Number of protein chains: 2
Amino acid sequence: MEKTARLGLERVSRPRLYEQLVEQILAYIESAQLKPGDLLPAERDLAERLGVSRATLAQALVALEVLGVIDVQHGTGAVLARRPSVASVIKGLREHRSRLPEIVEARSTLEGKLAALAAARRTDEDLKAIDHALGVMAKEISAGDRGTQGDELFHEAITAAAHSSVLAQLMAFIAEMILETRMESLGQPGRPEQSLASHRRIADAIRDQDPEAAAEAMLAHIELVSDVELLR
Amino acid sequence: MEKTARLGLERVSRPRLYEQLVEQILAYIESAQLKPGDLLPAERDLAERLGVSRATLAQALVALEVLGVIDVQHGTGAVLARRPSVASVIKGLREHRSRLPEIVEARSTLEGKLAALAAARRTDEDLKAIDHALGVMAKEISAGDRGTQGDELFHEAITAAAHSSVLAQLMAFIAEMILETRMESLGQPGRPEQSLASHRRIADAIRDQDPEAAAEAMLAHIELVSDVELLR
DNA sequence: ACTGGCTCACTGGACTAGCCTCTTAGACAG
DNA sequence: CTGTCTAAGAGGCTAGTCCAGTGAGCCAGT
């Protein structure tokens with residue numbers, strides 16, 4: 001089971017009705033030109049129009065609520081949240097899921113800051129975790145592996161060392177997208193060694209508590225790691 | 001529970017069963033030391049243990065799935081996602097909601113980059129939206145208002161002008177937390193005028209397509225706007 | 001001994017019908 | 001005009017039922 005996950009083989013599509021409903025409702029909101037504060041049709045009505053049961057529709061509404069698109073109020077109805085912008089953003093993201101340049105952009109923004117903060121705030125524990133990740137990656141590479149696990153550990157350790165839960169949450173948000181690029185990058189010949197070397201530079205800057213150098217090294221690292229996809 | 005001090009009259013807390021269930025399941029995951037790949041108890045079992053119907057539990061599971069905590073597979077069960085880290089992060093965030101310094105940190109990181117990108121990529125339309133926001137804020141202030149609406153519009157226009165949907169999504173993610181700080185900051189005497197002035201500096205840099213100046217102006221602006229909370 | 005196919009006991013997916021609480025507008029009494 | 005009450009309609013939740021995937025184990029055919 002873990003093997004399949006490592007290889008990136010996503011389980012085949014498991015169709016879920018509520019997911020389709022989310023898409024349809026999003027489309028409806030757009031087509032009906034609904035503004036923040038407007039009400040969605042009543043559940044019984046919507047369910048009938050969409051040809052599903054209320055229970056299933058309720059799941060879709062929960063999903064939309066978690067996504068921040070609507071706010072369901074007992075006795076009143078489902079009102080559009082103040083920021084319907086997220087709706088279009090989410091929709092856009094779902095459509096073309098891998099906008100590599102944009103992901104790299106977001107990643108370097110976040111991780112550059114994270115590296116700088118890590119340099120400023122790291123404890124000895126943090127440093128130990130970073131060095132451990134380095135060791136894991138080195139071992140993986142000398143065993144002929146790509147070092148993806150160590151790579152992941154390293155970036156997680158940096159994130160933890162920055163001691164900023166809000167930024168950490170944002171990283172978690174784009175972590176999945178990054179994962180896809182990570183595998184490809186480390187698949188290039190000679191790339192794992194390069195990557196390890198630039199990891200070492202980042203770690204050194206953090207060890208020396210030099211925020212600027214850490215940010216710079218991280219930016220250089222991400223650039224190195226990211227240029228692969230750009231040629232595709 | 002504190003009053004959510006928002007202009008737009010937030011409805012009083014409306015308890016929803018599925019929300020409590022999410023919390024309980026999160027707590028269970030932690031207490032049971034479940035690791036990624038592990039299975040949650042079966043729906044029928046869990047529903048009985050939690051004393052709710054399967055339909056309601058299904059809503060909680062949808063919420064957890066949207067949050068990225070689990071992955072529900074037909075015929076197999078609900079498996080914990082690879083990154084359970086988000087679970088603890090989410091939990092932490094929900095608990096002490098206002099980590100102001102961290103929010104400011106994340107905000108300046110994102111908006112600094114966004115401003116630079118906006119300067120590099122803005123179209124004439126984007127510029128028009130930015131100027132419009134400036135106009136709205138000026139009108140609000142001269143009417144004796146705090147200018148929150150214009151302020152919000154301005155930052156949204158900048159985000160749009162950066163043309164980076166991934167970064168935009170990250171901004172949307174922390175937008176709600178920022179909202180709370182915005183009101184407080186603009187409530188300070190003389191603050192709206194200062195804020196408007198620094199908005200103008202940002203807009204000018206973007207008009208001149210000068211990324212560095214834009215980022216710098218944005219950072220200065222956020223610093224100005226944020227120092228209030230730090231003295232509290 | 002292996003392979004393939006079958007079964008069956010699980011798992012979640014979805015629907016239905018019904019009753020509850022909450023909200024709100026409008027009727028009605030003062 | 002004002003305050004109160006009520007009923008319609010909104011969402012919240014439950015219980016019961018059936019459908020559809022999954023996977024372990026059995027058992028025949030090779």
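Below, read A as the first sequence line, B as the second, and so on, with proteins coming before strands; counting in each chain starts at 1. On a predicted model such as this, the values are computed, not experimentally measured, just so you know.
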For A:A55, all residues meeting side-chain contact (heavy atoms from CB on, under 4.5 Å), sequence neighbours excluded: A:S53
Listed nucleotide nearest any side-chain atom of A:A42, set C:dC15, D:dA10, C:dG13: D:dA10
Pairing residues for A:R54 by the salt bridge (Lys or Arg N to Asp or Glu O under 4.0 Å) criterion, not counting sequence neighbours: A:E43
Distance-only donor-acceptor test, B:H74 side-chain atoms vs D:dA20 base atoms, 3.5 Å: yes
Results of side-chain contact (heavy atoms from CB on, under 4.5 Å) for A:A133 - residues two or more places apart only: A:L153, A:F154
Partners passing salt bridge (Lys or Arg N to Asp or Glu O under 4.0 Å) against A:D131 (at least two apart in sequence or in another chain): A:R207
Any residue meeting side-chain contact (heavy atoms from CB on, under 4.5 Å) with B:E105, in chain and number order, not counting sequence neighbours: A:K113, A:L117, A:R121, A:S164, A:L167
A:L40 CG to D:dA10 C1', straight-line distance once rounded to whole Å: 13 Å
Contact nearer the 5' end of DNA chain D, comparing A:G75 with A:A55: A:G75
N or O in side chain of A:R16 less than 4.0 angstrom from C:dG13 OP1/OP2: yes
Between C1' of C:dG12 and CD1 of B:I70, the distance in whole Å: 11 Å
Atom-pair distance (CD on A:E65; P on D:dG12), nearest Å: 8 Å
Positions of residues 43-52 of chain B (non-hydrogen atom under 4.0 Å from DNA chain C), listed by number: B:E43, B:R44
Spacing between B:L57 atom CG and C:dG12 atom C1', to the nearest angstrom: 11 Å
Proximal nucleotide (of D:dA10, C:dA14, D:dA15) relative to the B:S53 side chain: D:dA15
Side chain of A:T76 (C-beta onward), nearest among D:dG12, C:dT23, C:dG13: C:dT23
Interatomic distance, B:D151 atom CG to B:L196 atom CG [nearest 0.5 angstrom]: 9.5 Å
